[in-house]
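Comments concern the structure below.
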Amino acid sequence: DKYATVLGSEETAYADDNFEEIKGMAVGDMKIIELEDDAGLKLVVRQDISADPYYLEQLTPTILWMLKEDEFNDSVKSEIETMTVEVNDYAVDRFKVKKLKYPSAS
């Protein structure tokens with residue numbers, strides 16, 4: 001199903017308001033959930049994605065991201081803190097714009 005997605009708790013990037021309710025469902029259970037403000041309906045089918053090669057293959061990047069999201073973000077932040085920025089003003093300061101010409105509107 002190309003519309004299948006992974007749902008996560010509120011601590012993840014894939015947070016879903018109904019996560020706890022869906023988490024409590026048994027594998028194979030189906031449920032229709034009304035969205036807030038009459039925004040529509042959501043059909044939820046709880047699956048064991050590790051048992052189906054399609055879901056395992058299609059959703060693995062999302063699952064791995066959810067599992068390692070905080071660790072990855074912390075790693076990137078610590079790497080950024082060690083970086084230094086060197087401004088190369090060779091191209092920036094060499095030329096001064098003296099007169100701008102705009103194309104005519106007609």
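Residue numbers count from 1 along this sequence.
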*Say you draw a straight line from CG of L7 to CD1 of I22; how long is it, rounded to the nearest 0.5 Å?*
5.0 Å
*Is the side chain of R46 donor-acceptor paired with the backbone N or O of K23 at a distance under 3.5 Å, no angle test?*
yes
_Between CD on residue E69 and CG on residue D74, distance to nearest 0.5 Å_ = 10.0 Å
*Same cluster (ILVMFWY, side-chain, under 4.5 Å), V45 and I32*: yes
*Answer whether the closest heavy-atom distance between the side chains of E36 and D17 falls below 4.5 Å.*
yes
*Got a second to check how far M83's CE is from E79's CD, nearest 0.5 Å?*
5.0 Å
*asked:* Quick check for you: to the nearest 0.5 Å, what is the distance between D70 atom CG and S75 atom OG?
replied: 12.0 Å
*Under the side chain to side chain contact (heavy atoms under 4.5 Å, CB included) rule, what do M25 and M30 come out as? Steps first, then yes or no, please.*
CA-CA 8 Å; M25 293 169 53; M30 296 186 334; 5.7 Å; no
*asked:* With a 4.5 Å cut-off on side-chain heavy atoms, are D29 and V44 touching?
replied: no
*Taking the side chain as C-beta and beyond, is there a heavy-atom pair between K31 and E21 under 4.5 Å?*
yes
*asked:* Given 3.5 Å as the limit, does a donor-acceptor pair link the side chain of D37 with the main chain of A39, or not?
replied: no
*With rounding to the nearest 0.5 Å, note down the distance linking CD1 in I33 to CG in N18.*
4.0 Å
